[in-house]
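Input: a single structure, listed below in C-alpha cells.
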Amino acid sequence: MRHTLPIAPQFYVTAPQPCPYLADRMERKLFTALQGDGVEQLNNSLSQQGFRRSQNVLYRPSCSDCSACLSARINVADFKASRGQKRTLRRNSELERRATSPWATEDQYALFRSYLDRRHADGGMADMDVFEYAAMIEETPIRSRVVEYNHRETNALTAVSLTDVLEDGLSMVYSFYQPDLPQNSLGTFMILDHIEIAREAGLPYVYLGYWVPGSAKMGYKAKFTGLEVYHRGGWQPMTDPDAFDDTAHPLSTDPIAEQVANIHLPDSRNHSR
C-alpha cells in the first residue's frame, strides 16, 4: 500500500481576451491541469460544478464583469422530443452511429476543416493544423470516445463528436459536421442521439457545454426540454431564458479567491493505492 500526501490541484486564471459570444465584453477562464492520480474523479467532480475539459485542462469561465456563460446539461429523464426534433431524427435516419476510441483520422480532419472554414472561420480554432487536431482528439487522460456518424449507403463521414464518459453522464466536448446540410440540423441531431446513448447506458445527464443568454450562437440549447444550467453554485432547471439576464451584470461575478474556495474537490484518499 502506498501512502501519499493529498496534493490539491492548482487553479490559474487566463489573461482577458475578446468574448466570442457577447460583443464589447472580455472573457477570462479559471483553469487547472488534469493530471496525476485521480484524474477521473477530478474530472467528474469539476464537471458537476460547471467545468469543461479541453485536452488535459479543466476550465470554467471566470470573467471579471460578467457571468453569462452557464454550463448546461440535459436531464435525460425530463427530456421529451418536440415535433421539430422528431423531424430532425427522421431526416437523419440514413446516418449510422459508430463509437470508437479517441483516435484522429484524415477523414475527420477533412470534415473538421470544412466545418471550421464554413462556420467558424474567424474563431479561435480556425488555424488548427492536423497535428493540433490530433492532440485535441487523442490527448485525453480519461475515458473518451469519438462518435462518428456515417451515411448508410455512401459511408461518407457526416458528423463527429468527441465525447467524455462521466460517472453521471456524457459530456459532448466538441462536435462538428458537414456544413452543406443545414436542413438536417446535424448539431441538434447529435445531441438527440447522445440523449438516446445516455438513456441506453442508464446515465442521467448529457452535458452540452455553455449556454449564453443573449447569444444567438447558443440559443438552440434552450430548445431542449429538461435543460439545466449551473447558476449560483448549483444546477437549476432552465424554464425561462429571461430569468438569467442578470448574469451579464457587472456585479454578478464573485472574486477569484472566493470562487476557488467554493470549489469542492474529490477526496484524494479514495484513489490512493
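Sequential numbering from 1 along the given sequence is applied to the chain's residues. As the structure is a prediction and not an experimental result, all values here were calculated from the model.
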What distance separates [X] [atom1] from [Y] [atom2], expressed to the nearest 0.5 Å?
X: E228; Y: N75; atom1: CD; atom2: CG; result: 5.0 Å
X: T158; Y: Y177; atom1: OG1; atom2: OH; result: 13.0 Å
X: T14; Y: L30; atom1: OG1; atom2: CG; result: 9.0 Å
X: N150; Y: R97; atom1: CG; atom2: CZ; result: 12.5 Å
X: L166; Y: Y205; atom1: CG; atom2: OH; result: 12.0 Å
X: Q35; Y: L58; atom1: CD; atom2: CG; result: 10.5 Å

Distance-minimising heavy-atom pair for [X] and [Y]:
X: D65; Y: R25; value: O-NH1, 3.4 Å
X: P141; Y: E40; value: O-OE2, 4.5 Å
X: A33; Y: L42; value: O-CD2, 4.1 Å
X: A72; Y: L227; value: CB-CD1, 4.0 Å
X: P61; Y: C69; value: CG-CB, 3.7 Å
X: M238; Y: A222; value: CE-CB, 3.5 Å

Using 30° and 60° as the class limits, which term best fits the ring planes of [X] and [Y]: parallel, tilted or perpendicular?
X: W235; Y: Y207; answer: perpendicular
X: Y109; Y: Y133; answer: tilted
X: F112; Y: Y174; answer: perpendicular

With a 4.5 Å limit on heavy-atom distance, are the side chains of [X] and [Y] in contact?
X: L22; Y: V212; value: yes
X: Q55; Y: M136; value: yes
X: S114; Y: D117; value: no
X: S171; Y: R52; value: yes
X: S175; Y: M190; value: yes
X: E132; Y: D129; value: yes
X: E27; Y: P16; value: no
X: F224; Y: Q85; value: yes

Quick test of your reading of the model: are [X] and [Y] salt-bridged, counting only N-O distances below 4.0 Å?
X: D164; Y: R145; value: no
X: E96; Y: R98; value: no
X: R152; Y: E94; value: no

Can you establish whether the number of heavy atoms outside [X] located under 6.0 Å from its atom [atom1] is more than 12?
X: R143; atom1: CZ; value: no
X: F79; atom1: CZ; value: yes
X: E153; atom1: CD; value: no
X: E200; atom1: CD; value: yes

Is it the case that the side chain of [X] and the backbone of [Y] share a donor-acceptor pair, with hydrogens and angles ignored and the cut-off at 3.5 Å?
X: N184; Y: N92; value: no
X: E138; Y: A104; value: yes
X: R60; Y: K29; value: no
X: Q108; Y: W103; value: yes

- Message: Run the side-chain contact (heavy atoms from CB on, under 4.5 Å) test on L203 and D168 for me, step by step, so that the C-alpha distance in whole Å, both residues' side-chain angles and the decisive distance to 0.1 Å come before the verdict.
- Response: CA-CA 6 Å; L203 296 171; D168 68 343; over 6 Å; no
- Where at least one partner belongs to residues 25-51, residue pairs that pass ring-ring contact (aromatic ring centres under 6.0 Å, His included), sequence neighbours excluded: Y12-F31
- Item | V165 vs I142, side-chain contact (heavy atoms from CB on, under 4.5 Å): CA-CA, chis, key distance, verdict | CA-CA 8 Å; V165 183; I142 62 172; over 6 Å; no
Does [X] share a hydrophobic cluster with [Y], counting links as ILVMFWY side-chain heavy atoms below 4.5 Å and allowing steps through other members?
X: M26; Y: L70; value: no
X: L89; Y: I195; value: yes
X: Y210; Y: Y230; value: no
X: Y59; Y: W211; value: no

- Query: What's the verdict on side-chain contact (heavy atoms from CB on, under 4.5 Å) for R53 and S144, showing C-alpha distance, side-chain angles and the deciding distance?
  - Reply: CA-CA 11 Å; R53 184 182 73 82; S144 301; 3.6 Å; yes
- Item | Candidate list V57, T140, N43, test side chain to side chain contact (heavy atoms under 4.5 Å, CB included), partner L34, passing option | N43
- Does a donor on one side chain sit under 3.5 Å from an acceptor on the other, for S62 and Q259? yes
- Quick one: do the S45 and Q49 side chains pair a donor with an acceptor below 3.5 Å? yes
- Item | Among H264, E167, R73, side-chain hydrogen bond (donor to acceptor under 3.5 Å, both in side chains) partner for Q48 | E167
- Before giving the answer on ring pair (Phe, Tyr, Trp, His ring centres under 6.0 Å), spell out for Y149 and F189 the whole-Å C-alpha distance, their side-chain angles and the decisive distance to 0.1 Å. CA-CA 10 Å; Y149 298 90; F189 166 73; 5.4 Å; yes
- Evaluate the criterion side-chain contact (heavy atoms from CB on, under 4.5 Å) for residue pair D180 and R118; output intermediate values, then yes/no. CA-CA 9 Å; D180 296 324; R118 292 287 298 277; 2.3 Å; yes
